[in-house]
Amino acid sequence: MTTPPAGSLLPPAYEPASVEGRIYEMWERAGHFQPREAADRDPYCIIMPPPNVTGELHLGHGLEDAITDALVRWHRMQGDPTLWLPGEDHAGIATQNVIERELAKEGLTRQDLGREKFVERTWMWVRKYRSRIADQHRKLGASADWSRSVFTLDPQIVKAVRATFVSLYKKGLIYRGLRIINWCPRCETALSDLEVDYEEEAAKLYFIRYPIVGEGGMPLPDYVTVATTRPETMVADTGVAVNPSDDRYEEKIGRMLMLPIMGREIPVVGDEAVKPEFGTGAVKVTPGHDPNDWEIGQRHDLPVIIAMDLQARMNDEAGPYTGMTSEDARAAILRDLEDEGFLDHIEDYTHSVGHCSRCNTVIQPLPSEQWWLDTRKEYEPGHSLSGDAAAAVRDGRIGIVPQRFEKVFLHWMDNIRDWCISRQIWWGHQIPVWYCENKHTVVAVADPASCPECQGALRQDEDVLDTWFSSGLAPHADLGWPDDTDSLRYWYPTADIQMGYDIMFFWCARMVMFGLYNMRERGPEGSMPFRKVLFHGLIRDANGEKMTKSKGNVVDPLTVASTYGADAFRFAILTGATLGADQKFSDERLAAARNFANKLWNSARFVLGKVGPREIKRPHPADRESYALEDRWIMSRLEQLELEVDSSMNAYQLGEAARSIEEFLRNEFCDWYIEMTKVRLTAGDERPLAVLLHVLDHGLRMLHPFMPFVTEELWQAVRERIDGDMASQLIVAWFPKSAANWKDAQAEAAMEHVIEVNRTVRNIRTEKKLEAGARPVVFLRAASYRAALEETLAATAFTSRVDASVVAAEDELPLAEYGFGRVADTEVAVALPEVDVAVERTRLEKELAEAAAHAERLGKQLGNAQFRAKAPASVISGMEATMGEARVRAEGLKERLARMV
RNA sequence: GGGCGAUUAGCUCAGUUGGUUAGAGCGUCUCGUUUACACCGAGAAGGCCGGGGGUUCGAGCCCCUCAUCGCCCACCA
């Protein structure tokens with residue numbers, strides 16, 4: 001590492017590219033990302049939502065890094081033992097799809113390779129991408145403990161997954177069952193309900209006549225008309241259902257219908273699930289291809305016919321349509337129905353169609369034998385996975401930020417259904433179940449050598465588990481469970497966790513259920529996976545559109561970071577919206593954040609340049625009286641900021657904290673304090689140096705969680721200039737916490753006044769179009785703030801470029817050739833080359849009206865007995881003071897107008 | 001069919017228990033090379049806080065209602 005340059009040698013603009021890599025390496029080499037465990041402080045642990053291992057980091061990950069790193073750095077700086085535990089997710093279907101696409105480029109399928117070779121090949125990818133993802137996090141400044149990075153297929157996690165499976169199986173919560181499932185014909189696997197995205201689509205509702213069969217199997221001229229959106233499934237119809245209370249069909253129940261084309265007889269059944277008002281009130285029942293029909297079929301013992309194969313092609317149950325795709329079959333069937341006069345009519349219809357969330361293929365509901373997790377079943381009296389999870393949130397053991405998501409979480413948890421956990425893919429945790437030739441089933445954590453019952457050879461279940469089954473174990477599994485490790489004992493329950501609200505059910509819900517269950521020996525408090533979960537919003541493009549590869553509007557966070565700097569990126573994305581709300585991502589915000597970083601850089605350049613190569617003691621509150629008004633003001637304001645930042649951070653209002661620091665540094669420190677010190681420094685008064693350095697130091701400390709690189713780079717120079725105990729690096733320096741030693745309401749009020757007076761002077765300068773280089777004579781006729789104005793007179797003269805003097809309240813101000821203004825009870829007169837009396841009068845009159853109205857408004861409220869009785873004293877006294885000032889101001893304006901003639 | 005969110009300056013957004021004249025950044029206009037910064041500075045313009053009603057001494061904030069936009073959930077043949 002090169003030695004940081006002295007202040008005066010800093011380049012005039014902040015260059016992130018020349019700083020970030022070096023600084024990150026410095027932190028990492030010093031081992032600051034690895035926690036220092038300490039007994040006397042509560043540990044702070046946060047688990048990173050593991051990105052998909054084959055993916056690139058996107059803006060959402062960038063936001064997550066910004067949020068998490070801010071929290072982590074803040075805690076670390078407060079001396080908490082802090083662990084940010086990173087990882088990557090094997091992302092079963094997503095990764096398998098990527099590898100299959102790669103194979104396709106070589107003209108291969110996964111079947112060509114076979115399972116073993118395919119998995120091997122996928123591992124090669126994983127090894128390549130894992131380090132790449134970690135590097136991307138590093139570029140953004142993430143201070144995660146890479147030495148502990150966890151991959152969801154690590155042996156440790158395999159053990160945890162199997163232990164969980166075995167335990168839940170033994171409790172009877174995991175079972176194998178035949179149900180209608182969501183089948184993706186492209187991925188060729190079952191999906192959970194969550195992995196199906198529904199989209200509204202314009203479609204048709206087809207009305208088809210099913211003739212009634214008379215005695216002896218002869219079709220009658222009468223028929224029942226059914227309505228369907230999927231006519232191709234009629235080849236698998238095994239009944240028609242009507243509502244038993246529907247008068248129209250009362251006598252049809254029990255009769256047989258002739259299934260057109262197929263020529264099969266199917267019964268009419270009465271079922272409450274049928275809504276008489278929909279369509280014709282009669283529904284064709286296809287238990288093999290529709291979840292509702294499956295239920296109806298079960299209730300009426302209807303046979304199940306499956307007429308499609310696993311690629312959604314019609315199979316030999318489909319008679320003449322065998323081999324067709326479902327689309328072709330639909331067209332053919334409609335044509336045939338039409339020809340034979342069975343098609344009654346067609347209506348336009350809009351309904352939602354399920355699509356695979358991974359490949360967008362239309363989902364086919366199919367009956368299939370799958371592994372399920374029953375989250376509602378009690379595994380011991382009074383305890384179920386979902387019941388315990390809901391209770392933890394309901395009674396506040398797990399807090400949700402923002403709180404409104406609590407309702408969403410609970411609603412889902414209270415209405416949860418069995419989770420289909422098996423997938424027919426190769427990449428993932430293979431289900432730890434083995435079968436022998438004698439139909440014995442072995443469920444075990446360790447691979448069994450042979451069947452324990454008959455010593456027969458075993459064959460493992462081919463399926464793998466839903467990826468979220470393993471990520472759902474993250475908090476305890478990443479820390480070593482099922483082993484009783486030191487890490488698990490020390491860091492569990494973790495403190496906070498953060499994720500997009502879009503994965504609340506996928507991830508958060510599962511972690512809560514699994515954590516509470518697997519760690520249940522620790523009791524209700526000790527078993528929680530985390531105490532607070534933060535849900536952030538989604539990043540959209542500048543037009544508010546969702547970023548997707550197909551739209552081509554995806555923004556790469558690393559490109560942004562290299563253009564504007566990682567700090568600017570983090571600052572912009574963190575202050576762009578409130579937690580939980582979506583945000584639009586725009587270049588303007590980035591540029592503003594970059595400019596702020598540069599502003600900070602230059603303010604430090606100024607301070608360091610003035611301090612030069614020496615060490616200075618911090619200002620001491622005991623010497624407060626020896627400091628100038630602006631010194632006491634900025635110190636008081638700094639403390640106030642520290643209080644605000646502390647409370648914002650504690651309330652997880654990260655953006656608010658960052659914004660308030662920026663506002664302070666920009667608008668108070670740079671715009672006023674630094675400018676005001678210039679006169680004194682030029683005059684050889686060095687007292688402001690300690691204050692400049694101290695405020696800069698605290699500002700950098702507070703800003704560090706948000707802009708780690710530029711603050712660390714600057715602080716490396718600052719720490720050399722401060723006489724006292726200083727950490728070697730800002731990343732582990734203490735975070736400012738106000739002790740209220742410099743609180744000074746009077747100084748704040750006085751400085752506010754001085755600032756307003758300066759603004760008034762400058763305003764007059766501009767309004768009267770005084771030449772930029774002119775130094776007009778200015779009189780400040782002061783009353784209450786005379787001392788303050790006198791003390792800051794030189795600064796006023798310098799920063800507002802005037803020749804100023806303070807005169808007493810009883811002194812007369814000159815009447816002509818001056819522009820006038822008023823701030824509270826201070827009157828401002830700026831000498832002008834010429835004055836337009838009429839214009840001046842109009843302006844004064846307007847101002848008078850405003851002041852009078854303000855005073856009257858306040859007077860009215862203060863005169864209200866109810867208000868006086870109920871409002872807090874501080875509000876009343878504040879209002880009285882303000883009203884007094886407004887009155888004095890109005891009086892002065894009146895007087896001036898009277899004398900203007 | 002339920003539920004949630006948003007609506008504040010031209011734009012993007014803050015505004016945490018209701019309290020004195022509602023803020024920031026960007027943009028716009030005017031001026032400016034004052035010894036940190038033109039990735040800058042000074043000044044200005046710009047808001048009946050979506051509409052209506054209510055509670056209160058007092059509402060951007062609480063309640064009701066309407067409107068527009070967006071999202072989530074739900075077995076919408």
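In what follows, chains are A, B, ... by sequence order, proteins preceding strands, each numbered from 1.
- Using a 4.0 Å heavy-atom cutoff across all strands shown, A:T229 reaches sugar-phosphate atoms only and no base atom.
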Side-chain donor-acceptor contacts of residues 566-580 of chain A below 3.5 Å, not counting sequence neighbours, with atom names and distances?
| unit_1 | atom_1 | unit_2 | atom_2 | d |
| --- | --- | --- | --- | --- |
| A:D567 | OD1 | A:F709 | N | 3.1 |
| A:D567 | OD2 | A:F709 | N | 3.4 |
| A:D567 | OD2 | A:V710 | N | 2.7 |
| A:R570 | NH1 | A:D69 | OD2 | 2.8 |
| A:R570 | NH1 | A:L140 | O | 2.9 |
| A:R570 | NH2 | A:D69 | OD2 | 2.9 |
| A:R570 | NH2 | A:P705 | O | 3.1 |
| A:T575 | OG1 | A:F571 | O | 2.7 |
| A:T575 | OG1 | A:R589 | NH2 | 3.2 |

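- For A:T578, taking side-chain heavy atoms from C-beta onward, the closest of the listed nucleotides B:C57, B:C75, B:A14 is B:A14.
- The CG-C1' distance, from A:L538 to B:G70, rounds to 12 Å in whole Å.
- Straight-line distance from the CG atom of A:N763 to the P atom of B:A42: 14 Å, rounded to whole Å.
- Within the 4.0 angstrom heavy-atom criterion, no nucleotide atom of any strand lies near A:G279.
- Taking the six-membered ring where the residue is Trp, A:W601 and A:Y14 present tilted rings, their angle falling between 30° and 60°.
- Take A:D271 and apply the side chain to side chain donor-acceptor pair (under 3.5 Å) test, not counting sequence neighbours, and it matches A:R299, A:H300.
- The side chain of A:T228 contributes no N or O atom lying less than 4.0 Å from OP1 or OP2 of B:A77.
- Within 4.0 Å (heavy atoms only), A:G576 reaches sugar-phosphate atoms of the nucleic acid but no base atom.
- Taking atom CG of A:L689 as the reference point, atom P of B:A36 lies 13 Å away to the nearest angstrom.
- Applying the 4.0 Å criterion to OP1 and OP2 of B:G58, one finds that A:R857 has every side-chain N and O outside that range.
- For A:Y349, taking side-chain heavy atoms from C-beta onward, the closest of the listed nucleotides B:C76, B:C75, B:U21 is B:C76.
- Listed by chain and residue number, A:L205, A:F207 satisfy the side-chain contact (heavy atoms from CB on, under 4.5 Å) test with A:A227 (two or more places apart in sequence, or in another chain).
- Of the candidate nucleotides B:A14, B:G19, B:C57, B:C57 has the atom nearest to the side chain of A:N864.
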(message) Walk me through whether A:K284 and A:T286 qualify under side chain to side chain donor-acceptor pair (under 3.5 Å).
(response) CA-CA 6 Å; A:K284 68 187 209 53; A:T286 321; 2.9 Å; yes

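- Distance A:R404 CZ to B:G70 C1': 12 Å, rounded to the nearest Å.
- If you check B:G19, B:A36, B:G15 against the side chain of A:C670, the one that comes closest is B:A36.
- Judged as a salt bridge (Lys or Arg N to Asp or Glu O under 4.0 Å), and not counting sequence neighbours, A:E406 has no contacts.
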(request) Using a 4.0 Å heavy-atom cut-off, write out nucleotides 45-50 of chain B from 5' to 3' as B (base contacted by protein), S (sugar-phosphate only) or - (no contact). (result) ------

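- When distances are taken from the side chain of A:V408 to each of B:C71, B:U20, B:C72, the shortest belongs to B:C72.
- With hydrogens and angles ignored, a donor-acceptor pair closer than 3.5 Å exists between the side chain of A:K599 and the base of B:C37.
- Listed by chain and residue number, A:V777 satisfy the side-chain contact (heavy atoms from CB on, under 4.5 Å) test with A:D803 (two or more places apart in sequence, or in another chain).
- Closest approach to the A:F867 side chain among B:U20, B:G19, B:A42 is made by B:G19 (side chain taken as heavy atoms from C-beta onward).
- Nearest to the side-chain atoms of A:H854 among the listed nucleotides B:U21, B:G19, B:G41 stands B:U21.
- Atom C1' of nucleotide B:A14 and atom CG of A:L574 are separated by 13 Å, given to the nearest angstrom.
- A straight line from CG of A:D197 to P of B:C71 spans 13 Å, rounded to a whole angstrom.
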(request) Would you mind building the protein contact string for nucleotides 24-32 of chain B? One character per nucleotide, 5' to 3', B for base within reach (heavy atoms under 4.0 Å), S for sugar-phosphate only, - for untouched. (result) SSS-----S

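- Checking A:R759 against A:A241, the closest nucleotide of RNA chain B that is more toward the 5' end is the one next to A:R759.
- In the set B:C57, B:A77, B:U16, B:A77 carries the atom at the smallest distance from any side-chain atom of A:V274.
- With sequence neighbours excluded, the residues forming a side chain to side chain donor-acceptor pair (under 3.5 Å) with A:K204 are A:D348, listed by chain and number.
- A salt bridge links A:R179 with A:D418: the closest approach of a Lys/Arg side-chain nitrogen to an acidic carboxylate oxygen falls below 4.0 angstrom.
- Between the P atom of B:A42 and the CD1 atom of A:I755 lies a distance of 11 Å, rounded to the nearest Å.
- Put simply, A:K284 has no side-chain N or O that comes within less than 4.0 Å of OP1 or OP2 on B:A77.
- In the set B:A14, B:C73, B:A36, the nucleotide with an atom closest to the side chain of A:F505 is B:C73.
- Within the 4.0 Å cut-off from OP1 or OP2 of B:U16, not a single side-chain nitrogen or oxygen of A:Q403 is found.
- RNA chain B contains the following stems of three or more consecutive Watson-Crick or G-U pairs, with both distances under 3.5 Å: B:1-7 with B:67-73, B:10-13 with B:23-26, B:28-32 with B:40-44, B:50-54 with B:62-66.
- A distance of about 26 Å separates the C1' atoms of B:C61 and B:C26, rounded to the whole Å.
- Rounded to an integer number of Å, the gap from NZ of A:K678 to P of B:C37 is 8 Å.
- Of the listed nucleotides (B:C13, B:G3, B:C37), B:C13 has the atom at the smallest distance from the side chain of A:A577.
- The side chain of A:K407 contributes no N or O atom lying less than 4.0 Å from OP1 or OP2 of B:G3.
- The pair A:R659-A:E662 does not meet the salt-bridge criterion, since no charged nitrogen lies less than 4.0 angstrom from a carboxylate oxygen.
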Cut-off 3.5 Å, no hydrogens considered: what does the side-chain donor-acceptor table look like for residues 859-867 of chain A, sequence neighbours left out?
| unit_1 | atom_1 | unit_2 | atom_2 | d |
| --- | --- | --- | --- | --- |
| A:N864 | OD1 | A:Q866 | N | 2.8 |
| A:N864 | OD1 | A:F867 | N | 3.2 |

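- Paired with A:R637 under the rule salt bridge (Lys or Arg N to Asp or Glu O under 4.0 Å), one option of A:E748, A:E663, A:E644 passes, and it is A:E748.
- By the side-chain contact (heavy atoms from CB on, under 4.5 Å) test, A:L643 is found to be paired with A:Q640, A:S738, residues two or more places apart in sequence or in another chain being considered.
- Under the side chain to side chain donor-acceptor pair (under 3.5 Å) criterion, A:R765 pairs with no residue at all, not counting sequence neighbours.
- Under 3.5 Å, the side chain of A:E200 and the base of B:C76 form at least one donor-acceptor pair of N or O atoms.
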